[in-house]
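What follows is a set of notes on a single structure, which appears directly below.
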Number of protein chains: 2
Amino acid sequence: MDERQALAAFGALSQETRLRILRMLVVAGPDGIAAGTIAEKAEVSASNVSFHLKELERAGLATARRDARSIIYSAGYDALSDLIRFLMEDCCGGHPEICAPVATAAACCTPSRDIVLQEIVK
Amino acid sequence: MDERQALAAFGALSQETRLRILRMLVVAGPDGIAAGTIAEKAEVSASNVSFHLKELERAGLATARRDARSIIYSAGYDALSDLIRFLMEDCCGGHPEICAPVATAAACCTPSRDIVLQEIVK
DNA sequence: TCGATACTTTTAGGATTATTGAAATATGGA
DNA sequence: TCCATATTTCAATAATCCTAAAAGTATCGA
């Protein structure tokens, strides 16, 4: 992920409605959610949700596909992962020791491996 | 970190000059950099850098202290860590399996522990 | 102590960009 | 084809950004 993409992603996430939508999409998983449903859940107008979804899409944080009359949006997990990596490089690159707290949170990503390793250590 | 803080942080990082400044500060470490030096390095006016530093400070991503005639800015590592954690929760919370790539990057934060565990596994 | 100096911040303005609700367009089914 | 549903485009409003000039603040030397 280059700086340009990171800027777009940060911009996309710096708006309350968009952040809420993204979290919705992440929770929904690969199945995604129809634009109209997103509008209802986020309690914003259809035009507004359309605008914000486009913004998320532009940043790679959401992808769209048509299903009958609806357009289904899903989270762009790759872009999300890339963004986290981008931040981690900024944070850990210069000073690994400062970022230790993050590593704890990272454990949630590979629970099985971690548990296996911990068992072995025991 | 609550949503309000995350929004402020994303907003702070969504501007090219500010992102460049933050990366500078991270690399500089706890010693920090004087405002004037930042302006030179970033190739922007003093007033402009002042504006952007205030924005970073507001988001907790930078802290200021005086040293003789200069004002030294340092990266706000806690806020940065918090932001990464916030993103990880959004990303991993619903679907841990999708975020595996991030875990790899996380390894940079606890290299020693990881090496130890890998040795044991061997 | 006091003024001169170095450094940074504040302010005002105009230009660019973001947000929003209303109108318009496109799609699928009868 | 026609209607109902779903989404997008458009134009007005609001927010943000940048430059330059003026003001503020603390330090250093006499």
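Each chain gets a letter, A, B and so on, in the order its sequence line appears, and its residues count up from 1.
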For this session: Would you kindly confirm whether L19(B) and F51(B) end up in one hydrophobic cluster when ILVMFWY residues are joined by side chain heavy atoms under 4.5 Å apart?
Result: no
Exercise. What does F51(B) touch in the nucleic acid at a heavy-atom separation under 4.0 angstrom: a base, only the sugar-phosphate, or nothing?
Worked result: sugar-phosphate
Exercise. Nearest nucleotide by nearest heavy atom, which residue falls closer to the 5' end of DNA chain C, A68(A) or R18(A)?
Worked result: R18(A)
Problem set entry | Among dT8(D), dG29(C), dT20(C), the nucleotide that comes nearest once only the side chain of H52(A) is considered | dT20(C)
Exercise. What's the NZ-C1' distance between K54(A) and dC10(D), to the nearest Å?
Worked result: 15 Å
Exercise. What integer distance in Å separates R66(A):CZ from dG28(C):C1'?
Worked result: 9 Å
For this session: Specify the residue among G11(B) and V49(A) whose closest nucleotide of DNA chain D lies further upstream toward the 5′ end.
Result: V49(A)
For this session: Have a look at A35(B) and say if it touches a base, only the backbone sugar-phosphate, or nothing, with a 4.0 Å heavy-atom cut-off.
Result: sugar-phosphate
Exercise. To the nearest angstrom, how far is F10(A) atom CZ from dT17(C) atom P?
Worked result: 21 Å
Exercise. Does E3(B) come within less than 4.0 Å of R20(A), counting only side-chain N to carboxylate O?
Worked result: no
Exercise. Side chain of S70(A): nearest nucleotide among dG28(C), dT7(D), dT9(C)?
Worked result: dT7(D)
Exercise. Can you tell me how far C1' of dT8(D) sits from CD of E55(A), to the nearest Å?
Worked result: 15 Å
For this session: Look at all strands and tell whether S47(B) reaches a base, only sugar-phosphate, or nothing, counting heavy atoms closer than 4.0 Å.
Result: base
Problem set entry | N/O donor-acceptor pair under 3.5 Å between E89(A) side chain and F86(A) backbone | no
Seminar exercise, completed: L19(B) CG to dC17(D) C1', in whole Å, measures 16 Å
Exercise. Could you state the CD-C1' distance from E16(B) to dT16(C), rounded to the nearest angstrom?
Worked result: 15 Å
Problem set entry | Short side-chain N/O contact from S50(A) to OP1 or OP2 of dT7(D), under 4.0 Å | no
For this session: Examine distances only and state if a side-chain atom of Q5(B) and a backbone atom of D2(B) form a donor-acceptor pair shorter than 3.5 Å.
Result: yes
Seminar exercise, completed: Rounded to whole Å, the CG-P distance (D67(A) to dA6(D)) equals 12 Å
Exercise. How about L80(A) and L22(A): do any of their side-chain heavy atoms sit closer than 4.5 Å?
Worked result: yes
Exercise. Counting just side-chain N and O atoms, does Y73(B) come under 4.0 Å of either OP1 or OP2 of dT9(C)?
Worked result: yes
Problem set entry | Between P of dA20(D) and CG of N48(B), the distance in whole Å | 11 Å
Exercise. With a 4.0 Å cut-off on heavy atoms, is Q15(B) in touch with a base, just the backbone sugar-phosphate, or nothing at all?
Worked result: sugar-phosphate
For this session: Measure from the side-chain heavy atoms of I71(B) and tell me the nearest of dT8(D), dT9(C), dT7(D).
Result: dT9(C)
